[in-house]
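Just so we're clear, the structure is a prediction, and the values are computed from it rather than from any experiment. In what follows, every heavy atom counts, from backbone to side chain, and hydrogens, waters and symmetry copies are set aside. Quick note on labels: first sequence line is chain A, next is B, and so on, each numbered from 1.
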Number of protein chains: 2
Amino acid sequence: MRGLRVAELAAEAGVSTSLIYYHFTDRAGILHRTLEFISDRAGRYTAEREPVGEDDTDPRTDLEQILLLELQDTPEVRENSTAWGELRASAVFDPELREDLAKATHTWVHEIAELLGRAHPMGTAPAHAASAERLTALLEGLSVRWLSGSLPLEHARHLLLGAIDTELRRP
Amino acid sequence: MRGLRVAELAAEAGVSTSLIYYHFTDRAGILHRTLEFISDRAGRYTAEREPVGEDDTDPRTDLEQILLLELQDTPEVRENSTAWGELRASAVFDPELREDLAKATHTWVHEIAELLGRAHPMGTAPAHAASAERLTALLEGLSVRWLSGSLPLEHARHLLLGAIDTELRRP
(Lines give C-alpha, C1' and ligand atoms only; values in the text may rest on other atoms or scores of the structure.)
Protein backbone atom coordinates (compact mmCIF):
# COMPACT_ATOMS: atom_id res chain seq x y z
CA MET A 1 0.00 0.00 0.00
CA ARG A 2 2.90 2.29 0.72
CA GLY A 3 4.09 2.43 -2.85
CA LEU A 4 0.65 1.92 -4.37
CA ARG A 5 0.55 3.28 -7.92
CA VAL A 6 -2.80 3.54 -9.65
CA ALA A 7 -1.21 2.47 -12.97
CA GLU A 8 0.03 -0.81 -11.43
CA LEU A 9 -3.33 -1.45 -9.80
CA ALA A 10 -5.10 -0.90 -13.14
CA ALA A 11 -2.65 -3.24 -14.91
CA GLU A 12 -3.16 -5.92 -12.23
CA ALA A 13 -6.95 -5.60 -12.57
CA GLY A 14 -6.75 -5.50 -16.38
CA VAL A 15 -8.67 -2.22 -16.62
CA SER A 16 -7.79 1.36 -17.54
CA THR A 17 -6.58 3.87 -14.96
CA SER A 18 -9.53 6.10 -15.84
CA LEU A 19 -11.93 3.34 -14.76
CA ILE A 20 -10.10 3.15 -11.41
CA TYR A 21 -10.38 6.93 -11.00
CA TYR A 22 -14.05 6.81 -12.04
CA HIS A 23 -14.83 4.36 -9.21
CA PHE A 24 -12.48 5.52 -6.46
CA THR A 25 -11.76 9.20 -7.30
CA ASP A 26 -8.15 9.04 -6.05
CA ARG A 27 -5.57 7.05 -4.09
CA ALA A 28 -7.21 8.03 -0.80
CA GLY A 29 -10.52 6.69 -2.15
CA ILE A 30 -8.92 3.33 -2.95
CA LEU A 31 -7.46 3.03 0.55
CA HIS A 32 -10.76 4.12 2.13
CA ARG A 33 -12.59 1.44 0.16
CA THR A 34 -9.98 -1.18 1.11
CA LEU A 35 -10.60 -0.49 4.78
CA GLU A 36 -14.37 -0.75 4.23
CA PHE A 37 -13.90 -4.01 2.36
CA ILE A 38 -11.83 -5.69 5.08
CA SER A 39 -14.13 -4.38 7.83
CA ASP A 40 -17.23 -5.71 6.04
CA ARG A 41 -15.56 -9.06 5.45
CA ALA A 42 -14.40 -9.34 9.08
CA GLY A 43 -17.99 -8.51 10.14
CA ARG A 44 -19.19 -11.27 7.82
CA TYR A 45 -16.89 -14.04 9.04
CA THR A 46 -17.62 -12.95 12.61
CA ALA A 47 -21.38 -13.13 12.06
CA GLU A 48 -21.16 -16.49 10.25
CA ARG A 49 -19.23 -18.27 13.00
CA GLU A 50 -20.50 -21.64 14.12
CA PRO A 51 -22.58 -21.81 17.28
CA VAL A 52 -20.67 -23.95 19.80
CA GLY A 53 -23.39 -26.33 20.97
CA GLU A 54 -24.55 -25.73 24.50
CA ASP A 55 -22.11 -22.91 25.00
CA ASP A 56 -23.45 -20.79 22.17
CA THR A 57 -24.90 -18.22 24.51
CA ASP A 58 -21.97 -18.11 26.94
CA PRO A 59 -20.58 -14.59 26.55
CA ARG A 60 -17.01 -15.56 27.45
CA THR A 61 -16.88 -18.27 24.78
CA ASP A 62 -18.36 -15.78 22.35
CA LEU A 63 -15.64 -13.22 23.18
CA GLU A 64 -12.89 -15.84 22.80
CA GLN A 65 -14.28 -17.03 19.48
CA ILE A 66 -14.62 -13.57 18.01
CA LEU A 67 -11.05 -12.62 18.89
CA LEU A 68 -9.60 -15.99 17.80
CA LEU A 69 -11.31 -15.66 14.40
CA GLU A 70 -8.61 -13.09 13.58
CA LEU A 71 -5.84 -15.64 14.22
CA GLN A 72 -6.66 -18.32 11.65
CA ASP A 73 -4.62 -19.60 8.74
CA THR A 74 -7.26 -19.14 6.04
CA PRO A 75 -6.74 -17.07 2.89
CA GLU A 76 -9.36 -14.48 3.85
CA VAL A 77 -8.09 -13.95 7.41
CA ARG A 78 -4.47 -13.79 6.20
CA GLU A 79 -5.44 -11.26 3.54
CA ASN A 80 -7.55 -9.22 5.97
CA SER A 81 -4.82 -9.16 8.63
CA THR A 82 -2.16 -8.31 6.07
CA ALA A 83 -4.25 -5.45 4.65
CA TRP A 84 -5.10 -4.14 8.12
CA GLY A 85 -1.40 -4.26 9.10
CA GLU A 86 -0.49 -2.42 5.90
CA LEU A 87 -3.07 0.31 6.51
CA ARG A 88 -1.81 0.64 10.09
CA ALA A 89 1.87 0.80 9.07
CA SER A 90 1.12 3.16 6.18
CA ALA A 91 -0.79 5.57 8.43
CA VAL A 92 2.46 6.21 10.35
CA PHE A 93 3.70 8.01 7.21
CA ASP A 94 0.41 9.02 5.58
CA PRO A 95 -1.78 11.30 7.75
CA GLU A 96 -4.56 11.03 5.13
CA LEU A 97 -5.26 7.47 6.34
CA ARG A 98 -5.43 8.23 10.02
CA GLU A 99 -9.00 9.37 10.52
CA ASP A 100 -10.60 6.32 8.86
CA LEU A 101 -8.28 4.00 10.72
CA ALA A 102 -8.91 5.63 14.10
CA LYS A 103 -12.67 5.30 13.47
CA ALA A 104 -12.39 1.62 12.52
CA THR A 105 -10.21 0.98 15.58
CA HIS A 106 -12.77 2.73 17.79
CA THR A 107 -15.66 0.67 16.38
CA TRP A 108 -13.72 -2.55 16.97
CA VAL A 109 -12.75 -1.58 20.56
CA HIS A 110 -16.38 -0.67 21.26
CA GLU A 111 -17.67 -4.07 20.06
CA ILE A 112 -15.15 -5.95 22.20
CA ALA A 113 -15.92 -3.74 25.23
CA GLU A 114 -19.61 -4.69 24.90
CA LEU A 115 -18.77 -8.40 24.84
CA LEU A 116 -16.53 -7.90 27.89
CA GLY A 117 -19.46 -6.21 29.62
CA ARG A 118 -21.56 -9.31 29.04
CA ALA A 119 -18.80 -11.73 30.06
CA HIS A 120 -17.88 -9.75 33.20
CA PRO A 121 -20.97 -7.83 34.34
CA MET A 122 -19.38 -6.86 37.67
CA GLY A 123 -16.77 -4.66 35.95
CA THR A 124 -17.21 -0.98 35.11
CA ALA A 125 -17.61 0.44 31.60
CA PRO A 126 -14.22 2.27 31.69
CA ALA A 127 -12.51 -0.95 32.83
CA HIS A 128 -14.13 -2.86 29.95
CA ALA A 129 -13.06 -0.16 27.50
CA ALA A 130 -9.44 -0.37 28.72
CA SER A 131 -9.50 -4.18 28.55
CA ALA A 132 -10.91 -4.01 25.01
CA GLU A 133 -8.17 -1.59 23.96
CA ARG A 134 -5.50 -3.89 25.38
CA LEU A 135 -6.97 -7.06 23.85
CA THR A 136 -7.34 -5.57 20.39
CA ALA A 137 -3.88 -3.91 20.47
CA LEU A 138 -2.40 -7.23 21.64
CA LEU A 139 -4.22 -9.02 18.81
CA GLU A 140 -2.71 -6.57 16.30
CA GLY A 141 0.74 -7.16 17.82
CA LEU A 142 0.36 -10.96 17.79
CA SER A 143 -1.06 -10.96 14.29
CA VAL A 144 1.87 -9.10 12.74
CA ARG A 145 4.33 -11.29 14.68
CA TRP A 146 2.62 -14.33 13.20
CA LEU A 147 2.54 -12.91 9.66
CA SER A 148 6.19 -11.83 9.91
CA GLY A 149 7.36 -15.27 11.05
CA SER A 150 8.25 -14.47 14.67
CA LEU A 151 5.43 -16.45 16.32
CA PRO A 152 3.70 -19.74 15.44
CA LEU A 153 -0.06 -19.33 15.00
CA GLU A 154 -1.03 -21.84 17.69
CA HIS A 155 1.15 -20.08 20.22
CA ALA A 156 -0.36 -16.70 19.28
CA ARG A 157 -3.83 -18.15 19.92
CA HIS A 158 -2.69 -19.54 23.28
CA LEU A 159 -1.26 -16.15 24.32
CA LEU A 160 -4.47 -14.38 23.33
CA LEU A 161 -6.60 -16.82 25.36
CA GLY A 162 -4.29 -16.16 28.33
CA ALA A 163 -4.83 -12.41 27.96
CA ILE A 164 -8.64 -12.81 27.83
CA ASP A 165 -8.44 -14.91 30.99
CA THR A 166 -6.33 -12.27 32.75
CA GLU A 167 -8.57 -9.39 31.70
CA LEU A 168 -11.66 -11.24 32.97
CA ARG A 169 -10.00 -11.79 36.36
CA ARG A 170 -9.49 -8.09 36.97
CA PRO A 171 -11.26 -6.90 40.09
CA MET B 1 11.95 0.26 3.99
CA ARG B 2 9.56 -1.53 1.68
CA GLY B 3 10.55 0.43 -1.36
CA LEU B 4 14.13 1.04 -0.24
CA ARG B 5 16.37 1.74 -3.22
CA VAL B 6 20.11 1.85 -2.68
CA ALA B 7 20.41 4.73 -5.17
CA GLU B 8 18.01 6.90 -3.13
CA LEU B 9 19.78 6.01 0.10
CA ALA B 10 23.13 6.98 -1.43
CA ALA B 11 21.68 10.28 -2.70
CA GLU B 12 20.19 11.03 0.75
CA ALA B 13 23.54 10.31 2.42
CA GLY B 14 25.47 12.22 -0.24
CA VAL B 15 27.73 9.28 -1.07
CA SER B 16 28.13 6.93 -4.03
CA THR B 17 26.15 3.69 -4.30
CA SER B 18 29.46 1.79 -4.43
CA LEU B 19 30.37 3.11 -0.98
CA ILE B 20 27.02 1.83 0.32
CA TYR B 21 27.66 -1.58 -1.23
CA TYR B 22 31.22 -1.56 0.15
CA HIS B 23 29.91 -1.13 3.71
CA PHE B 24 26.68 -3.13 3.63
CA THR B 25 27.18 -5.66 0.76
CA ASP B 26 23.51 -5.55 -0.29
CA ARG B 27 19.99 -4.46 0.64
CA ALA B 28 19.70 -7.27 3.21
CA GLY B 29 22.93 -6.02 4.81
CA ILE B 30 21.47 -2.52 5.16
CA LEU B 31 18.33 -3.85 6.85
CA HIS B 32 20.37 -6.13 9.10
CA ARG B 33 22.51 -3.18 10.20
CA THR B 34 19.37 -1.05 10.76
CA LEU B 35 18.01 -3.65 13.16
CA GLU B 36 21.38 -3.79 14.97
CA PHE B 37 21.45 0.00 15.19
CA ILE B 38 17.99 0.33 16.73
CA SER B 39 18.62 -2.60 19.10
CA ASP B 40 21.91 -1.08 20.30
CA ARG B 41 20.28 2.32 20.75
CA ALA B 42 17.33 0.84 22.67
CA GLY B 43 19.85 -1.01 24.86
CA ARG B 44 21.62 2.31 25.47
CA TYR B 45 18.58 4.37 26.44
CA THR B 46 17.44 1.48 28.60
CA ALA B 47 20.80 1.27 30.39
CA GLU B 48 21.02 5.06 30.85
CA ARG B 49 17.63 5.42 32.52
CA GLU B 50 17.53 7.43 35.73
CA PRO B 51 17.46 5.55 39.01
CA VAL B 52 14.18 6.38 40.77
CA GLY B 53 15.40 7.25 44.26
CA GLU B 54 14.52 4.70 46.90
CA ASP B 55 12.67 2.54 44.41
CA ASP B 56 15.68 2.01 42.19
CA THR B 57 16.04 -1.59 43.17
CA ASP B 58 12.34 -2.45 43.10
CA PRO B 59 12.03 -4.95 40.23
CA ARG B 60 8.44 -4.00 39.41
CA THR B 61 9.30 -0.31 38.99
CA ASP B 62 12.27 -1.36 36.91
CA LEU B 63 10.03 -3.47 34.64
CA GLU B 64 7.51 -0.62 34.27
CA GLN B 65 10.26 1.86 33.45
CA ILE B 66 11.93 -0.32 30.87
CA LEU B 67 8.68 -0.96 29.00
CA LEU B 68 7.50 2.67 29.27
CA LEU B 69 10.80 3.88 27.79
CA GLU B 70 9.47 2.63 24.43
CA LEU B 71 6.41 4.90 24.69
CA GLN B 72 8.02 8.34 24.85
CA ASP B 73 7.71 11.28 22.50
CA THR B 74 11.42 11.86 21.93
CA PRO B 75 13.08 11.85 18.48
CA GLU B 76 15.14 8.74 19.19
CA VAL B 77 12.25 6.65 20.56
CA ARG B 78 9.96 7.79 17.73
CA GLU B 79 12.63 6.89 15.17
CA ASN B 80 13.40 3.56 16.83
CA SER B 81 9.73 2.58 17.08
CA THR B 82 9.06 3.67 13.51
CA ALA B 83 12.04 1.67 12.21
CA TRP B 84 11.08 -1.39 14.27
CA GLY B 85 7.49 -1.18 12.99
CA GLU B 86 8.78 -0.89 9.43
CA LEU B 87 11.04 -3.93 9.79
CA ARG B 88 8.12 -5.85 11.29
CA ALA B 89 5.67 -4.83 8.55
CA SER B 90 8.26 -5.42 5.82
CA ALA B 91 9.03 -8.93 7.08
CA VAL B 92 5.43 -9.92 6.24
CA PHE B 93 6.41 -9.56 2.55
CA ASP B 94 10.16 -10.11 2.73
CA PRO B 95 11.19 -13.52 4.17
CA GLU B 96 14.85 -12.40 4.08
CA LEU B 97 14.18 -10.20 7.12
CA ARG B 98 12.43 -12.78 9.24
CA GLU B 99 15.30 -14.61 10.90
CA ASP B 100 16.98 -11.46 12.28
CA LEU B 101 13.66 -10.08 13.45
CA ALA B 102 12.64 -13.33 15.17
CA LYS B 103 16.01 -13.37 16.97
CA ALA B 104 15.67 -9.75 18.10
CA THR B 105 12.11 -10.45 19.29
CA HIS B 106 13.31 -13.49 21.19
CA THR B 107 16.10 -11.52 22.92
CA TRP B 108 13.63 -8.82 23.94
CA VAL B 109 11.07 -11.34 25.26
CA HIS B 110 13.83 -13.09 27.22
CA GLU B 111 14.96 -9.83 28.90
CA ILE B 112 11.41 -8.96 29.92
CA ALA B 113 10.78 -12.50 31.18
CA GLU B 114 13.82 -12.18 33.45
CA LEU B 115 12.53 -8.91 34.90
CA LEU B 116 9.12 -10.54 35.43
CA GLY B 117 10.88 -13.34 37.28
CA ARG B 118 12.40 -10.83 39.67
CA ALA B 119 9.14 -8.87 40.10
CA HIS B 120 7.04 -12.00 40.61
CA PRO B 121 9.28 -14.73 42.06
CA MET B 122 6.33 -17.01 42.87
CA GLY B 123 5.50 -17.48 39.17
CA THR B 124 6.95 -20.20 36.95
CA ALA B 125 9.43 -19.63 34.12
CA PRO B 126 6.91 -20.63 31.38
CA ALA B 127 4.33 -18.23 32.88
CA HIS B 128 6.90 -15.41 32.86
CA ALA B 129 7.81 -16.20 29.26
CA ALA B 130 4.14 -16.05 28.20
CA SER B 131 3.60 -12.79 30.11
CA ALA B 132 6.72 -11.32 28.47
CA GLU B 133 5.45 -12.33 25.02
CA ARG B 134 2.09 -10.69 25.72
CA LEU B 135 3.59 -7.49 27.17
CA THR B 136 6.03 -7.00 24.31
CA ALA B 137 3.42 -7.82 21.62
CA LEU B 138 1.00 -5.41 23.33
CA LEU B 139 3.73 -2.76 23.39
CA GLU B 140 4.26 -3.22 19.63
CA GLY B 141 0.50 -2.93 19.07
CA LEU B 142 0.17 0.19 21.25
CA SER B 143 3.24 1.77 19.71
CA VAL B 144 1.98 1.53 16.13
CA ARG B 145 -1.47 2.76 17.22
CA TRP B 146 0.23 5.78 18.78
CA LEU B 147 2.46 6.43 15.74
CA SER B 148 -0.50 6.03 13.36
CA GLY B 149 -2.67 8.52 15.27
CA SER B 150 -5.23 6.08 16.74
CA LEU B 151 -4.14 6.39 20.39
CA PRO B 152 -2.80 9.30 22.48
CA LEU B 153 0.61 8.55 24.01
CA GLU B 154 -0.48 9.08 27.62
CA HIS B 155 -3.34 6.65 27.18
CA ALA B 156 -1.02 4.07 25.62
CA ARG B 157 1.24 4.36 28.68
CA HIS B 158 -1.75 3.96 30.98
CA LEU B 159 -2.92 0.82 29.13
CA LEU B 160 0.57 -0.68 29.30
CA LEU B 161 0.80 -0.08 33.06
CA GLY B 162 -2.61 -1.78 33.42
CA ALA B 163 -1.32 -4.81 31.51
CA ILE B 164 1.81 -5.07 33.70
CA ASP B 165 -0.43 -4.92 36.75
CA THR B 166 -2.67 -7.68 35.39
CA GLU B 167 0.25 -9.94 34.40
CA LEU B 168 1.77 -9.59 37.88
CA ARG B 169 -1.52 -10.62 39.50
CA ARG B 170 -1.64 -13.93 37.68
CA PRO B 171 -1.71 -16.87 40.06
Original post:
What residue, out of B/G85, B/A137, B/A104, has the most heavy-atom pairs lying under 4.5 Å from chain A?
Top reply: B/A137

**OP:** Return the option, out of B/S148, B/S131, B/A91, with the maximum number of heavy-atom pairs under 4.5 Å with chain A.
**Re:** B/S148

Original post:
Pick from A/E133, A/E140, A/E167: which one has the most heavy-atom pairs with chain B under 4.5 Å?
Top reply: A/E133

Original post:
Contact part of B/H106 toward chain A, heavy-atom cut-off under 4.5 Å: side chain, backbone, both or neither?
Top reply: neither

Subject >> Spacing of B/N80 atom CG and B/L69 atom CG [to the nearest 0.5 Å] >> reply: 11.0 Å

**OP:** Using a cut-off of under 4.5 Å on heavy-atom pairs, state which of B/L147, B/T82, B/L159 scores highest against chain A.
**Re:** B/L159

Subject >> Any A/L115 side-chain heavy atom under 4.5 Å of A/R118 side chain >> reply: yes

**OP:** Could you check which of B/S150, B/S143, B/G141, B/A102 has the highest count of heavy-atom pairs closer than 4.5 Å to chain A?
**Re:** B/S150

**OP:** Taking the side chain as every heavy atom from C-beta outward, state whether B/L142 and B/L138 have any pair of such atoms under 4.5 Å apart.
**Re:** yes

Subject >> Interchain contact, B/L151 with chain A, by part (heavy-atom threshold 4.5 Å) >> reply: side chain

Original post:
What is the distance from atom CG of A/D62 to atom CZ of A/R60, rounded to the nearest 0.5 Å?
Top reply: 12.5 Å

Subject >> Closest-packed option against chain B by number of heavy-atom pairs under 4.5 Å, given A/G149, A/P95, A/G162 >> reply: A/G162

Original post:
If you count heavy-atom pairs under 4.5 Å with chain B, which of A/R134, A/R98, A/E99, A/E86 comes out on top?
Top reply: A/R134

Original post:
Strictly by modelled atom types, are B/H158 and B/E154 linked by a side-chain donor-acceptor pair under 3.5 Å?
Top reply: no

Subject >> A/D26 and A/V6, any side-chain heavy atoms less than 4.5 Å apart >> reply: no

Original post:
By a 4.5 Å heavy-atom criterion (distance strictly below it), what part of A/T166 contacts chain B: side chain, backbone, both, or neither?
Top reply: both

**OP:** State, with a plain yes or no, whether a side-chain heavy atom of B/L161 is found less than 4.5 Å away from one of B/D165.
**Re:** no

